[in-house]
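Everything on this sheet refers to the single structure shown next.
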Amino acid sequence: MACRITGLVLKSRDPEALARFWCEVLDFVVHAQADEGVGIGPREGADGPQAELVFLRSDEPRNGRLPLHIDVNATDRDQDAELERLLAAGAVRVDVGQTGQEPWHVLADPEGNEFCLLEPRVAPV
């Protein structure tokens, strides 16, 4: 028997804004909201194979790069189209020393949390 990741918890200055951004990116919905934060996940609910994201309110300053980042890939369009969609949603390009030959794009969400847009793993519909 094995475990599965059911949630990733990120500290956030503005949990509501970060939740809106990641809901747009992942086509997630808000599952829980309280003064201390916001939990988002798949439209089908929390019992599926995808992990939820939880954004906890924190005023602690961030020190350097996070030791963890999220990788995403498009499910219904090619990588270039998805890159444009993510940039329009508020993502920004980030240079972490990549050569430009990588098959992925390094981006950051509105609070500067880095994530990578990988090539699609399935053919776009």
Side-chain angles (χ1 to χ4, degrees):
M1 185 167 233
C3 291
R4 71 177 179 94
I5 296 172
T6 55
L8 296 173
V9 180
L10 296 117
K11 293 180 179 178
S12 172
R13 291 182 304 275
D14 187 347
E16 294 80 9
L18 215 50
R20 281 191 303 276
F21 173 81
W22 283 103
C23 279
E24 175 71 22
V25 170
L26 300 171
D27 193 30
F28 275 14
V29 295
V30 172
H31 285 182
Q33 187 162 4
D35 288 342
E36 61 273 2
V38 180
I40 66 170
R43 293 178 179 280
E44 302 79 37
D47 296 329
Q50 286 186 291
E52 291 185 301
L53 297 179
V54 178
F55 304 102
L56 294 181
R57 189 172 313 284
S58 175
D59 294 326
E60 294 176 21
R62 197 170 113 193
N63 299 318
R65 293 178 60 193
L66 294 176
L68 171 78
H69 72 265
I70 297 171
D71 287 342
V72 299
N73 60 290
T75 58
D76 63 350
R77 66 197 76 196
D78 67 25
Q79 187 182 34
D80 291 337
E82 185 65 1
L83 176 62
E84 292 307 313
R85 186 181 80 83
L86 296 177
L87 293 171
V92 295
R93 294 176 185 266
V94 177
D95 182 356
V96 296
Q98 60 269 41
T99 66
Q101 301 302 310
E102 295 83 3
W104 62 83
H105 298 279
V106 183
L107 305 168
D109 68 19
E111 288 197 9
N113 301 305
E114 296 161 2
F115 67 100
C116 292
L117 171 61
L118 308 179
E119 293 178 322
R121 294 188 179 180
V122 296
V125 182

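Note: hydrogens, waters and symmetry copies are ignored here, and every other heavy atom, side chains too, is used. All figures in this text were calculated on a predicted structure; none of them were measured in a lab.
E111 places a side-chain N or O within donor-acceptor distance of the main-chain N or O of D14, the cut-off being under 3.5 Å. Side-chain atoms of R57 do not come within 3.5 Å of backbone N or O of V38 as any donor-acceptor pair. Checked by atom type and distance alone, the side chain of E24 never pairs as donor or acceptor with a backbone atom of W22 at under 3.5 Å. Side chain of Q50 to main chain of G41: no donor-acceptor pair is present (N/O by atom type, distance under 3.5 Å, no hydrogens or angles). Between the H31 side chain and the L53 main chain, no donor and acceptor come within less than 3.5 Å of each other.
Put simply, CZ on R93 and CG on L117 are 10.0 Å apart, with the number rounded to the nearest 0.5 Å. One finds the CD atom of E36 at 7.5 Å from the CG atom of L56 (value rounded to the nearest 0.5 Å). Atoms CG and CZ, from D76 and R85 in turn, are 7.5 Å apart once rounded to the nearest 0.5 Å. I70 CD1 to L107 CG: the interatomic distance, rounded to the nearest 0.5 Å, is 12.0 Å. For the atom pair K11 NZ and N113 CG, the distance stands at 12.5 Å (nearest 0.5 Å). The distance from the CD atom of Q98 to the CD atom of Q101 is 11.5 Å, given to the nearest 0.5 Å.
In terms of heavy-atom proximity, G37 sits nearest to P15 at CA-CB, 4.2 Å. Between A51 and G7, the shortest heavy-atom distance links the atoms CB-N, 4.0 Å. Of all heavy-atom pairs between L18 and S12, the closest is CD2-OG, 3.7 Å. Residues D109 and F115 share a closest heavy-atom pair of N-CE2, 3.7 Å. Closest approach of P103 to Q79, counting heavy atoms only: O-NE2, 3.1 Å. Across all non-hydrogen atoms, the minimal contact from G97 to D95 is N-OD1, 2.7 Å.
Residues F28 and F21 share a hydrophobic cluster, clusters being chains of Ile/Leu/Val/Met/Phe/Trp/Tyr side chains in contact below 4.5 Å. L26 and L118 fall into different hydrophobic clusters, defined by Ile, Leu, Val, Met, Phe, Trp and Tyr side-chain heavy atoms under 4.5 Å apart, directly or through other members. No continuous path of ILVMFWY side-chain contacts below 4.5 Å connects V94 to L10, so the two sit in separate hydrophobic clusters. In this structure, F55 is a member of the same hydrophobic cluster as V72, with clusters built from ILVMFWY side-chain heavy atoms closer than 4.5 Å. Under the 4.5 Å side-chain contact rule for hydrophobic residues, V25 and V29 do not share a cluster.
A salt bridge links D27 to R43: at least one charged side-chain nitrogen sits closer than 4.0 Å to a carboxylate oxygen.
In this structure, R13 places its CZ atom where only 12 or fewer heavy-atom neighbours from other residues, nucleotides or ligands lie under 6.0 Å away.
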